[in-house]
Student: 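Pasting a structure here, questions to come.
What you see is a predicted model; the values in this text were computed from it and never measured.
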Amino acid sequence: MLTELRISNFALIDQLHLEFPPGFLVLTGETGAGKSLLIDALVLITGGRASAEHIRFGAEEALLEACFLIPLTHPLASRLQGDGYLLPDQQDIIVRRILSRSGRNRNFLNGQLAPLQTIQDIGPQLVDIHGQHDQQSLLSPKTQLKLLDAFGNLEDVVGSYQVMHREWVEKKAALDEYVVRLRDQTNRQDILQYQYDELVKMQLQSGEEETLSQEYHRLKHSGRLGELSNQAFTALHEGERSILDYLGKVTEWVQELAKIDAHGESWVPLLEAANMSLREVTDNLRDYRTRIEYDPERMDLIDSRLAGLQRLKKKYGKPVEDLVELTKTLEQDLAQLQNGEEQVRYLQAEVTSRYESMKALAEDLSARRKAVAKHLVKEIKQELAALKMSTMEVQVNIEMANGDNRFGTAGMDRVEMLLAPNPGEPLMPLGRIASGGELSRIMLALKTVFAENDQTPVVIFDEIDSGIGGEAGNVMGSRLRQLAQFHQVCCITHLPQIASQAHAQFVVEKTTLEDRTLTRVHEVTGVHRETEIARMLGGGTLTPTIRKTAGEMLDRGNRPHVAPGHNKPPKKPAKT
């Protein structure tokens with residue numbers, strides 16, 4: 001619901017702050033007082049096109065701000081949470097637009113700068129405005145399709161279809177991707193085979209380049225390595241003054257020392273450990289020097305191998321490790337080419353299977369929709385008759401969607417409501433109904449029928465009472481009050497029959513202050529509301545009889561009641 005509205009320097013409004021209750025609200029006042037300014041402001045707040053003409057004369061900027069309260073289960077809540085505009089437990093949505101004469105307008109969503117496109121996307125999900133405006137969600141065939149499905153309890157059927165449609169799309173995409181890849185590989189088959197043969201012939205192994213480089217380096221310096229290993233071995237083990245022999249003497253001296261002074265006891269294990277370590281080194285040197293030899297043939301082989309690896313690395317632009325993986329990939333690609341046609345037939349069978357299942361579900365869904373549409377037309381005609389539009393022809397047109405891919409995410413159908421306002425006129429889409437008041441009444445009928453299915457929290461009717469009065473006004477007021485069980489409903493009206501049935505009434509007045517024209521809005525209750533209803537009944541003459549009639553109308557309007565012909569709120573039909 002709309003809870004607050006703030007307006008500054010907008011047209012004839014200098015400053016305005018209104019708080020709105022839930023239920024059925026009306027805006028009343030003299031003709032030309034500026035009632036439609038509030039509707040215009042809401043149109044802009046929800047993404048309408050702004051211009052400098054909207055800014056009050058003498059001001060540089062206009063401020064338009066509205067606070068909406070939505071349930072946590074509303075689809076818009078999860079979207080705004082995902083976009084970072086709404087906290088998980090937050091229900092308030094504050095939309096602010098600042099219009100500037102310079103053209104640098106700013107838009108805010110819950111205090112954060114937001115693109116105008118975002119405001120335009122969420123606006124129709126917050127407010128549905130019916131009258132001389134384009135922001136009417138029911139004009140969209142997509143919305144009409146969703147509401148038809150909701151009206152007929154077809155959500156589960158739609159869900160089953162969507163699962164199969166998603167599988168079909170995925171399988172078809174996999175087939176298309178495979179065919180393209182297979183065609184590309186077939187065109188490159190000779191190249192792939194040559195590359196594979198070349199790499200396999202080299203018998204590449206991960207890490208071999210580093211291993212060969214180290215071996216080549218050892219062979220290249222084998223002379224010096226032999227000399228160093230001999231010198232080290234001789235110093236440690238051979239000769240009368242070898243390190244090991246001398247270390248043994250040192251150990252004996254320290255052992256004798258330890259017998260005299262206990263401080264030396266901890267040194268003995270250290271010397272013994274050093275002796276063991278040096279003997280291990282000596283053994284390693286003995287084996288190492290026997291393996292060191294100059295081998296020019298081995299060096300040539302390694303040099304040739306390294307040169308071959310360098311050539312492949314340069315040719316393919318990859319290190320040896322990646323070339324090993326490339327060899328495996330080429331092997332798989334070549335194997336795939338051999339089994340390519342078989343795989344294509346398998347994938348085609350998968351696509352065909354999903355397509356046939358999806359088609360069957362789509363046809364079943366379409367048949368159900370056509371059955372539901374007949375019931376829907378009956379309900380709409382009943383509502384239109386109550387609103388004194390019994391001659392209007394109604395048709396819910398369900399036809400196959402155009403395009404090569406006739407199966408979309410919602411099935412194979414395109415749904416559009418067609419109406420003929422007068423006998424003999426052709427059926428036309430809702431958007432081509434010329435009269436604003438007539439369209440508003442049609443929308444009221446549709447909103448009443450779809451009351452339980454439409455999740456737009458705020459519904460506004462402008463010029464809904466154009467051309468009607470008397471009993472039709474009573475019926476319309478009753479329908480609007482009934483609709484307020486499911487939405488917050490706001491209506492601009494000149495009919496006391498409608499205004500008297502509202503839960504709250506706001507009066508719009510035009511005044512002059514310091515030679516400037518201003519529009520003021522205030523809620524009326526009690527005797528002030530009775531006076532406003534009386535004014536609507538009698539114009540400028542407020543006789544006791546008119547006041548009494550106004551009071552009686554308000555008493556009747558506040559009694560619990562439902563619209564004629566409805567003993568309970570509208571319910572969805574049983575599943576078809």
Student: Just how far is it from atom CD1 of I93 to atom CD1 of I122, taken to the nearest 0.5 Å?
Tutor: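 So the CD1 of I93 and the CD1 of I122 are separated by 5.5 Å.
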Student: Counting distance only, does the side-chain N/O of Q395 pair as donor-acceptor with the main-chain N or O of L418 below 3.5 Å?
Tutor: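 Here the side-chain-to-backbone pair does not exist.
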Student: Contact between E60 and N9 at the side-chain level, heavy atoms closer than 4.5 Å - yes or no?
Tutor: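 No. Closest side-chain heavy atoms not under 4.5 Å.
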Student: Keeping the roles fixed (side chain from N275, backbone from L271), state whether a donor-acceptor pair exists under 3.5 Å.
Tutor: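 It does not hold such a pair.
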Student: Is a side-chain N or O of Q91 found less than 3.5 angstrom from the main chain of L69, in a donor-acceptor match?
Tutor: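 Such a contact is absent between Q91 side chain and L69 backbone.
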Student: Please name the pair of heavy atoms, one in A362 and one in Y161, separated by the smallest distance, quoted to 0.1 Å.
Tutor: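 Result for this residue pair: CB-CE1, 3.6 Å.
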Student: Do the side chains of E208 and R305 get close enough for a salt bridge, i.e. N-O under 4.0 angstrom?
Tutor: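 Result for this pair is yes, salt bridge flagged.
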Student: Check the pair E350 / Y346 against side chain to side chain contact (heavy atoms under 4.5 Å, CB included), numbers first and verdict last.
Tutor: CA-CA 6 Å; E350 289 279 292; Y346 169 77; 3.9 Å; yes
Student: What is the distance from atom CG of D322 to atom CG of L204, rounded to the nearest 0.5 Å?
Tutor: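 Between D322 CG and L204 CG, I get 11.5 Å after rounding to 0.5 Å.
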Student: In Å and rounded to the nearest 0.5 Å, what is the CD1 to CD distance from I398 to E416?
Tutor: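 Separation between the atoms: 12.0 Å.
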Student: Can you check whether L247's main-chain N or O pairs, donor with acceptor, with T251's side chain at less than 3.5 Å?
Tutor: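 Yes.
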Student: Do you know which two heavy atoms are closest between L5 and A66, and how far apart they sit?
Tutor: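 For L5 and A66, the tightest heavy-atom pair comes out as CD1-CB, 4.1 Å.
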Student: Step by step, work out the salt bridge (Lys or Arg N to Asp or Glu O under 4.0 Å) result for R224 and E227.
Tutor: CA-CA 5 Å; R224 181 57 177 164; E227 181 182 342; 3.0 Å; yes
Student: Taking the side chain as every heavy atom from C-beta outward, state whether F68 and T3 have any pair of such atoms under 4.5 Å apart.
Tutor: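 They are not in contact (no side-chain heavy atoms under 4.5 Å apart), so the answer is no.
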Student: Output the distance between atom CG (L148) and atom CZ (R368), rounded to the nearest 0.5 Å.
Tutor: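 So the gap between those two atoms works out to 13.0 Å.
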Student: Can you tell if the side chain of V372 reaches within under 4.5 Å of the side chain of V396, non-hydrogen atoms only?
Tutor: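 A side-chain contact under 4.5 Å is absent here.
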Student: Check whether E209 reaches the backbone of L306 with its side chain - one donor and one acceptor, N or O, closer than 3.5 Å.
Tutor: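 Not at all, since once roles are kept as given, no pair shorter than 3.5 Å links the two residues.
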Student: Can you give me the closest heavy-atom contact between Q90 and Y85, atom names plus distance?
Tutor: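 So the minimum-distance heavy-atom pair works out to OE1-O, 4.4 Å.
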Student: Minimum heavy-atom separation for A258 and V268, please, with both atom names.
Tutor: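 That closest heavy-atom pairing would be CB-CG2, 4.5 Å.
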Student: Nearest 0.5 Å please: distance from the CG atom of D283 over to the NE2 atom of H237.
Tutor: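 So the CG of D283 and the NE2 of H237 are separated by 8.5 Å.
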Student: Taking the six-membered ring for Trp and the full ring for Phe, Tyr or His, determine whether the centres of F407 and Y355 are under 6.0 Å apart.
Tutor: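 Yes - the distance between ring centres of F407 and Y355 falls below the 6.0 Å cut-off.
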Student: Using side-chain heavy atoms (C-beta onward) and a distance below 4.5 Å, is V415 in contact with P141?
Tutor: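 V415 vs P141: side chains apart.
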Student: Side chain of S277, backbone of A274: donor and acceptor closer than 3.5 Å?
Tutor: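 Flag not set: sc S277 to bb A274 has no pair under 3.5 Å.
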Student: Taking the side chain as everything from C-beta on, heavy atoms only, tell me whether Q455 gets closer than 4.5 Å to K146.
Tutor: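 A side-chain contact under 4.5 Å is absent here.
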Student: Please test L301 against E297 for side chain to side chain contact (heavy atoms under 4.5 Å, CB included), starting from the C-alpha separation and ending with a verdict.
Tutor: CA-CA 6 Å; L301 287 174; E297 292 183 2; 5.7 Å; no
Student: Is any side-chain heavy atom of L109 less than 4.5 Å from a side-chain heavy atom of L86?
Tutor: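 No, side chains not in contact.
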Student: Would a distance-only check, ignoring hydrogens and angles, find a side-chain to backbone donor-acceptor pair under 3.5 Å from S78 to P75?
Tutor: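 Yes, S78 side chain to P75 backbone: donor-acceptor pair under 3.5 Å.
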Student: Could you grab the distance from atom CG of L285 to atom CZ of F233, nearest 0.5 Å is fine?
Tutor: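 Between atom CG of L285 and atom CZ of F233 there are 8.0 Å.
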Student: If you measure from the Lys or Arg side-chain nitrogens to the Asp or Glu carboxylate oxygens, is any gap between R291 and D287 under 4.0 Å?
Tutor: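 A salt bridge is absent here (no side-chain N lies under 4.0 Å from a carboxylate O).
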Student: Salt bridge between K328 and E325, side-chain N to carboxylate O under 4.0 Å?
Tutor: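 Between E325 and K328 there is a salt bridge, with a charged N closer than 4.0 Å to a carboxylate O.
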Student: Go through the structure and list residues passing side chain to side chain donor-acceptor pair (under 3.5 Å) with R369, not counting sequence neighbours.
Tutor: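 D149, D413.
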Student: Salt bridge check: are K172 and D176 linked by an N-O gap of less than 4.0 Å?
Tutor: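 Yes, K172 and D176 are salt-bridged.
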Student: Regarding D121 and Q117, do their side chains bring together a donor and an acceptor under 3.5 Å, going by distance alone?
Tutor: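 Judged by distance alone, the side chains do pair up.
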Student: Where do K220 and M299 come nearest, in terms of heavy atoms and distance?
Tutor: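 In this case the closest contact between K220 and M299 is CA-CE, 4.0 Å.
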Student: Is a side-chain donor or acceptor of N110 paired with a backbone partner of I94 at a separation under 3.5 angstrom?
Tutor: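 Looks like yes, one N/O pair under 3.5 Å.
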Student: Check the pair M202 / T327 against side chain to side chain contact (heavy atoms under 4.5 Å, CB included), numbers first and verdict last.
Tutor: CA-CA 10 Å; M202 285 293 289; T327 306; over 6 Å; no
Student: Would you say E61's side chain and S100's backbone share a donor-acceptor pair under 3.5 angstrom?
Tutor: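 Pair absent, no side-chain N/O of E61 close to backbone of S100.
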Student: Is it the case that over 12 heavy atoms from other parts of the model lie below 6.0 angstrom from the NZ atom of K315?
Tutor: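 More than 12 within 6.0 Å, yes.
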Student: Does a side-chain N-to-carboxylate-O contact under 4.0 Å join R345 and E342?
Tutor: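 No.
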Student: Can you tell me if Y316 has over 12 outside heavy atoms packed within less than 6.0 Å of its OH?
Tutor: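 Check passes, neighbour count above 12.
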Student: With a 4.0 Å cut-off, would you call R298 and E293 a salt bridge?
Tutor: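 Salt bridge: no.
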Student: Let me see the working for F151 and H375 under side chain to side chain contact (heavy atoms under 4.5 Å, CB included), right down to the final yes or no.
Tutor: CA-CA 10 Å; F151 181 82; H375 183 73; 3.5 Å; yes
Student: With the side chain counted from C-beta on, respond yes when R406 and K359 share a heavy-atom pair under 4.5 Å apart, and no when they do not.
Tutor: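 A side-chain contact exists here, since the closest heavy-atom pair is under 4.5 Å.
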Student: Could you check if a side-chain atom of F20 sits within less than 4.5 angstrom of a side-chain atom of E4, using non-hydrogen atoms only?
Tutor: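 Not touching, per the 4.5 Å side-chain cut-off.
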Student: Is it true that, when you exclude H217 itself, more than 12 heavy atoms of the residues, nucleotides or ligands shown sit nearer than 6.0 Å to its NE2?
Tutor: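 At most 12 heavy atoms, drawn from other residues, nucleotides or ligands, come within 6.0 Å of this atom.
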Student: Look only at the side chain of R289 and the backbone of Q231, and say whether a donor-acceptor pair between them is shorter than 3.5 Å.
Tutor: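 A pair under 3.5 Å: no.
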Student: Could you pull out the closest heavy-atom pair between V458 and L2, with the gap in Å?
Tutor: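 For V458 versus L2, the nearest heavy atoms are CG2-N, 3.5 Å.
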